[in-house]
Amino acid sequence: MISASAPAKIILFGEHAVVYGVPAIAIPVSSLRATATVEPQAAGSGLRIHAVDTGRVLSVGLQDEVEDALVEMAQLVLKRLHIPAPDASITLRSDIPMASGLGSGAAVSTALARALSSAVGKPLEAQALNELVYEIEKRHHGTPSGIDNTVICYEQPVYFVRGEPIQPLHVGGTFHFIIADTGQASLTKPAVAAVRALYNENKTFVENILHEIGKIVDEARTALGQGDAKALGSLMIANHALLQSLTVSSPDLDRLVSAALDANALGAKLSGGGRGGNMIALADERNHDSVTAALYTAGAARIISMTLS
Ligand code: MEV
């Protein structure tokens with residue numbers, strides 16, 4: 001029996017703008033994971049995937065016409081490794097909430113590809129894995145920048161520019177983040193499409209915003225490197241305002257952001273596709289608990305604390 005896993009991710013700066021070539025910063029959330037377990041089966045059984053969270057059982061190879069991301073992921077791995085489907089069952093489980101900006105789709109694909117390639121004795125390296133998972137992201141999520149699969153496959157903080165090799169991120173201090181879920185599921189694809197529509201309608205307006213976000217991302221990279229939590233917090237607030245202008249915030253996200261700031265968080269912003277899903281706040285050691293309490297009072301459905309150092 002072979003098991004492999006992959007983490008969730010959270011975008012600290014630059015979501016949406018990253019689709020247009022602006023840099024972005026993202027970090028893995030290693031406490032939330034998708035896991036795939038491969039068990040050998042009797043000869044002739046074929047390859048089956050059991051997605052426990054959605055209650056689906058899928059046969060790989062028997063339903064080429066079905067556009068299913070999990071089946072396609074398995075097929076891509078087998079094709080890349082030039083091997084037929086093994087007689088095995090793959091069980092998938094994930095504790096990453098779906099459609100909430102935490103990269104659940106990319107994490108499940110990564111865990112599946114990692115476990116399957118290991119089970120056939122040809123474990124894929126991060127770069128090959130990343131290419132394959134990006135292929136699935138493109139087929140099923142519109143026009144993704146590739147940031148989700150990259151931070152998830154490499155499981156390290158990244159400064160990411162679309163189409164470029166990853167640049168590791170230097171973190172020169174300790175940052176206390178609080179990730180809060182609005183409880184409102186929201187798919188990334190329509191949010192990305194809405195920003196595209198806005199761009200097509202008013203190119204100059206959106207390009208100005210993208211430019212401002214790019215400056216924030218670079219300043220954030222410096223603040224992270226210098227361990228400057230105060231500066232980082234201000235940059236989060238500025239990034240959230242620009243995301244509001246791009247129409248990807250929501251009343252729930254704005255309420256959680258305001259609650260965190262009212263409780264003296266250093267910064268707060270939505271994270272990921274927006275219009276629901278998660279926000280992220282930056283606290284210091286002293287007010288971490290009061291910011292967490294304020295987020296629950298404001299209606300957060302679930303909270304994860306995370307230290308970056
Ligand atoms: C989604 O996690 C981040 C977005 O920037 C989309 C993308 O980068 O593909 C909204």
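Only heavy atoms go into these numbers, but all of them, side chains included; no hydrogens, no water, no symmetry mates. Both ligands and their constituent atoms are indexed starting at 1 by order of listing.
- Which parts of ligand 1 touch E15 is read off a 4.0 Å heavy-atom cut-off, strictly below it: atoms 5 (O).
- For ligand 1, the atoms sitting less than 4.0 Å from at least one non-hydrogen atom of P144 are 9 (O), numbered in the order shown with element in parentheses.
- Remark: the S117 side chain and the R80 side chain contain no N/O donor-acceptor pair separated by less than 3.5 Å.
- Looking at R162, K189, K9, H16, it is H16 that brings a heavy atom closest to atom 4 (C) of ligand 1.
- The closest side-chain donor-acceptor pair between Y159 and D218 falls under 3.5 angstrom.
- Closest to atom 7 (C) of ligand 1 among all protein heavy atoms lies S145 OG, 3.4 Å.
- Those atoms of ligand 1 that come under 4.0 Å of a heavy atom in V18, given as number and element, are 5 (O), 8 (O).
- The shortest contact between atom 3 (C) of ligand 1 and any protein heavy atom is with I11 CD1, 3.5 Å.
- Side chains of S249 and D254: a donor on one and an acceptor on the other come within 3.5 Å.
- The D148 neighbourhood of ligand 1 comprises atoms 1 (C), 2 (O), with distances under 4.0 Å to a heavy atom of that residue.
- Heavy-atom contacts of I147 reach the following atoms of ligand 1: 8 (O) (cutoff under 4.0 Å).
- No hydrogens or angles considered: a donor-acceptor pair under 3.5 Å links the side chains of S30 and E155.
- Counted by atom type alone, S305 and H288 present one or more donor-acceptor pairs between their side chains at under 3.5 Å.
- Between the side chains of R33 and S5, at least one donor N or O lies within less than 3.5 Å of an accepting N or O.
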